[in-house]
Amino acid sequence: MSSVVAETVAESVTTKECVFGQLADALASAHATINHYTLTISGEDSQFTRFNRARVRQTGQVSDGNLTLTLMQADRIASASVPFVGDFETDWPLLKTALDDLQAMVPQLPVDPFLVLPTGSASSRTVHQGELLAADAIASTLLDPVQSLDFTGIYAGGLIFRGYADSAGQHHWFESTSYSLDFSLFDPQNRAVKGTFAGSQWQQAQFIDKINQAKQQLTMMSRPAKTIERGQYRTYLAPAAVAELLHMFSWGGVGEADLQQGNSAFCLLRQGERQLSPKFNLRENFHQANTPRFNTYGEVAPLQLPIIEQGQLVNSLVSSRSAKEYQTPSNYASRGEHLRAPEILPGKLAADKILSSLDRGLYLSNLHYLNWSDHPNARVTGMTRYACFWVEHGEIVAPIENLRFDESLYQCFGDGLIDLTDFQETISSIDTYDQRSLGDSRVPGVLADDFTYTL
C-alpha cells in the first residue's frame with residue numbers, strides 16, 4: 001500500500017499523540033522479541049451536560065482512553081487492552097505487562113487460517129479542530145431559547161482521538177473536536193418531538209432554527225391524534241428516518257463475508273434476482289466524514305467507493321480477512337465490514353414539494369427499534385417515533401399514534417421508491433455508550449409508495 005498524506009488543519013502535535021508515538025517507538029525497539037503486532041488507541045476528552053425540564057441536572061468532564069495491543073505469531077493471535085493515561089512513564093509499564101502476558105499466551109492458541117498480518121507503509125495524520133461552547137457557557141447558550149419549553153436532552157462535546165501503529169512501520173492519527181446535542185421537547189400530554197444538532201463549529205442561529213422547527217412540530221402534535229388502520233400507505237421518510245433504515249445495510253447487508261455465507265439481506269440483489277430502484281445510489285464517501293479512513297489493520301480506505309449504483313450492487317465491503325478467505329480483492333473495509341461514511345445520493349424532490357407530492361399518507365420524522373423480520377428478503381420491522389403525522393391533500397392534518405411497520409428494503413428503496421429529495425442532511429452518530437462515537441451519514445428524504453404498516 002502506498003503512503004498516504006492526509007489533510008491536516010493543525011500542525012501542532014498534541015500531548016496524547018506524542019505519548020502514543022512514544023509508546024509505538026518503545027514497541028518498535030522491542031521488535032526483536034515480537035513477531036508481528038498492532039497497537040491502537042481510542043479515547044476522548046468530553047464535556048457532558050444533561051438537561052431536564054430546561055434545567056441542568058448533571059454536568060461533568062470525561063477524560064478516557066484505551067490502548068489495545070494485538071500480537072501475532074506463527075498464525076496465532078491474541079489481544080489485550082489497558083487504560084491510556086497520557087503519560088509515557090505511566091502507560092509504558094502497563095503496556096509492557098500486557099506485551100509479556102501476550103507473548104506467553106499466543107503460542108498456546110489455535111492457528112487462525114485467515115490471519116491478516118501488518119503490511120504496507122501507509123501513514124496519515126488528520127486533525128479537525130472545532131470551535132465549541134466553553135463549558136461555563138453551555139447552560140446559558142442552550143437554555144435561554146427554551147426557557148418556556150419542557151426541554152430534555154444531553155450535550156456532549158470535546159476531543160475524540162484514534163490512533164494506529166504496527167510492526168510494519170505504519171502509523172495513523174485522527175482527532176476531531178466536535179459536539180452533539182440530542183434533545184426532545186415535550187407537551188403537557190407527554191408527547192414529544194425529537195431533534196439532534198451536531199457539528200464541529202457551534203452555530204447559534206442554526207441551533208435556534210432547529211429549536212423553532214421542533215416547536216412548530218410540537219404545536220402540530222397538540223392536535224387530536226389519528227389512529228391509522230393497518231395497511232399500505234404512501235409515506236415520506238425524513239432524513240433521520242432514512243438514516244435508521246440505512247443502518248440495516250451494515251447489519252447482515254453489504255459486507256462480503258455476509259454475502260459469501262448467505263447471511264446478507266442483499267444476496268438476491270447480488271444474484272440478480274431482485275433489484276432496487278434506478279434512482280437509488282449508495283456510496284462510501286470519506287471526503288467530509290467525521291471518522292478515520294484507516295481501519296484496525298492500518299489500511300486506508302479509498303476516498304469514495306460506490307456500493308449501489310442505479311439500484312445495482314456494484315461493490316461489497318471487503319476486509320482483508322474476507323479477501324484472504326474468499327480470494328477476492330480487498331477494498332480496505334473495517335473488519336466488521338460495516339459502512340463507515342455512507343452517503344445516499346439525492347434525487348429531484350424539492351423541499352417545498354414534499355407534502356404536495358405525498359398528498360395523502362404518512363409523514364415520518366423518526367423510526368426506532370428496527371430489526372430484520374425476514375432477512376433473506378430484506379424485510380425490516382420497527383416503530384414510528386416522535387413527530388409523525390397524517391397528511392391529507394398535501395397538508396398535515398394530525399399526529400398519529402405509534403405504528404409498527406414491516407417493509408422490505410426492496411420495496412421502499414426499490415419498486416415503491418417514488419423519489420428522493422434534492423437535499424441531504426448529515427445525521428451524526430451521537431451514541432455515547434462506552435465512549436462517544438464517530439461517523440455520520442449523508443442522506444436525503446425518501447418518498448415511497450405502499451409502505452406497509454402492521455399494527
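- Using modelled atom types, one side-chain atom of K279 and one backbone atom of I418 make a donor-acceptor pair closer than 3.5 Å.
- Side-chain contact, T152 with S184: no donor N or O sits under 3.5 Å from an acceptor N or O.
- T97 contributes a side-chain N or O that, together with a main-chain N or O of P93, makes up a donor-acceptor pair within less than 3.5 Å.
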Handout entry: Working for side chain to side chain contact (heavy atoms under 4.5 Å, CB included), residues L403 and E401
Key = CA-CA 6 Å; L403 291 172; E401 301 289 351; 5.9 Å; no
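- The aromatic rings of W173 and F20 are tilted relative to each other, their planes meeting at an angle between 30° and 60°.
- Proximity of a side-chain donor or acceptor of D101 to a complementary backbone N or O of A80 within less than 3.5 Å is not detected.
- To the nearest 0.5 Å, the span separating CG on N52 from CZ on F186 amounts to 8.5 Å.
- In terms of modelled atom types and a separation under 3.5 Å, the side chain of T90 and the main chain of G86 share no donor-acceptor contact.
- A distance-only check finds no donor-acceptor pair linking the side chain of E395 to the backbone of V391 [under 3.5 Å].
- For the residue pair E44 and S63, no side-chain donor N or O sits within less than 3.5 Å of a side-chain acceptor on the partner.
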Handout entry: Full working for side chain to side chain contact (heavy atoms under 4.5 Å, CB included) between F84 and V19
Key = CA-CA 10 Å; F84 174 74; V19 173; 3.7 Å; yes
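- Looking at every heavy atom in both residues, P145 comes nearest to L142 through CD-O, 3.4 Å.
- A side-chain donor-acceptor contact under 3.5 Å links D91 to the backbone of D87.
- Here the side chains of N66 and I41 are not in contact, with every heavy-atom distance at 4.5 Å or above.
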Exercise for the section: In sequence, state the C-alpha distance, the side-chain angles, and the governing distance for S180 and S428, and then conclude on side chain to side chain donor-acceptor pair (under 3.5 Å). Expected result: CA-CA 8 Å; S180 67; S428 298; over 6 Å; no
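- With S322 contributing its side chain and S319 its backbone, the two residues share no donor-acceptor pair below 3.5 Å.
- Counting only residues at least two apart or on different chains, the salt bridge (charged side-chain N to carboxylate O under 4.0 Å, His left out) pairs with a member in residues 341-350 are R283-E343, E343-R442.
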Exercise for the section: Kindly determine whether R293 and E299 satisfy salt bridge (Lys or Arg N to Asp or Glu O under 4.0 Å), including the steps that lead there. Expected result: CA-CA 8 Å; R293 283 174 61 195; E299 303 160 334; over 6 Å; no
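- At least one side-chain heavy atom of L237 sits less than 4.5 Å from a side-chain heavy atom of L245.
- Aromatic ring centres of Y297 and Y332 lie farther apart than the 6.0 Å criterion allows.
- Note that the CG atom of D359 and the CZ atom of R234 stand 7.0 Å from one another [nearest 0.5 Å].
- Listed by first and then second residue, the side-chain hydrogen bond (donor to acceptor under 3.5 Å, both in side chains) pairs involving residues 375-387 are H368-R385, D374-N377, R379-D406, T381-R404 (not counting sequence neighbours).
- Side-chain contact between C412 and L409: present, with at least one pair of heavy atoms (C-beta onward) separated by less than 4.5 Å.
- Side-chain contact of T177 with Q129: a donor-acceptor pair under 3.5 Å is absent, judged by distance alone.
- Side chains of S176 and N290: a donor-acceptor N/O pair is present below 3.5 angstrom, by distance only.
- Counting only heavy atoms from C-beta outward, the side chains of Q204 and T141 approach each other to under 4.5 Å.
- The aromatic ring centres of Y453 and F405 sit 6.0 Å or more apart.
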Handout entry: CA sep, side-chain torsions, deciding dist, call: L69, L102, side chain to side chain contact (heavy atoms under 4.5 Å, CB included)
Key = CA-CA 9 Å; L69 176 63; L102 290 174; 3.9 Å; yes
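- Considering Y363, W390, F389 as possible partners of Y236, the one that fulfils the ring-ring contact (aromatic ring centres under 6.0 Å, His included) test is Y363.
- Between F207 and W202, the two ring planes are tilted [angle within 30° to 60°].
- F451 and Y233 have their aromatic ring centers separated by at least 6.0 angstrom.
- With 3.5 Å as the limit, one finds a donor-acceptor pair spanning the side chains of Y164 and D166.
- Checked by atom type and distance alone, the side chain of S46 never pairs as donor or acceptor with a backbone atom of G158 at under 3.5 Å.
- Considering CD of Q170 and OG of S124, their distance stands at 9.5 Å, rounded to 0.5 Å.
- With values rounded to the nearest 0.5 angstrom, S441 atom OG is found 9.0 Å from E244 atom CD.
- One distance of note links CD1 of I427 with NE2 of H247; it measures 9.0 Å at 0.5 Å rounding.
- A donor-acceptor pair under 3.5 Å links the side-chain atoms of N315 to the main chain of P306, judged by distance alone.
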Problem - Worked check of salt bridge (Lys or Arg N to Asp or Glu O under 4.0 Å) between D431 and R436 - result: CA-CA 6 Å; D431 291 341; R436 284 176 63 207; over 6 Å; no
Problem - Verdict with reasoning, S222 to D187, per side chain to side chain donor-acceptor pair (under 3.5 Å) - result: CA-CA 8 Å; S222 66; D187 70 8; over 6 Å; no
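- Under the 3.5 Å distance criterion, with hydrogens and angles disregarded, no donor-acceptor pair is assigned to the side chains of D440 and T426.
- Enclosure of atom CZ in R55 is not indicated, since only 12 or fewer non-hydrogen atoms of other residues, nucleotides or ligands lie within 6.0 angstrom.
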Practice task
Give the C-alpha distance, both sets of side-chain angles, the deciding distance and a yes or no for side chain to side chain contact (heavy atoms under 4.5 Å, CB included) between L23 and D25.
Solution key: CA-CA 5 Å; L23 293 170; D25 289 343; over 6 Å; no
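- Residue T291 holds its OG1 atom at 9.5 Å from CD of E284, rounded to the nearest 0.5 Å.
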Problem - side chain to side chain donor-acceptor pair (under 3.5 Å) between T59 and Q47, worked out - result: CA-CA 7 Å; T59 188; Q47 173 70 37; 2.7 Å; yes
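- In this structure, F51 has its ring center closer than 6.0 angstrom to the ring center of F151.
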Problem - Pair Y179-F197, ring pair (Phe, Tyr, Trp, His ring centres under 6.0 Å): steps then yes or no - result: CA-CA 8 Å; Y179 70 88; F197 188 60; 5.7 Å; yes
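- Q61 places no side-chain N or O within donor-acceptor distance of the main-chain N or O of F48, the cut-off being under 3.5 Å.
- Partner of I344 under the side-chain contact (heavy atoms from CB on, under 4.5 Å) criterion, chosen from I307, V446, L420, N281: L420.
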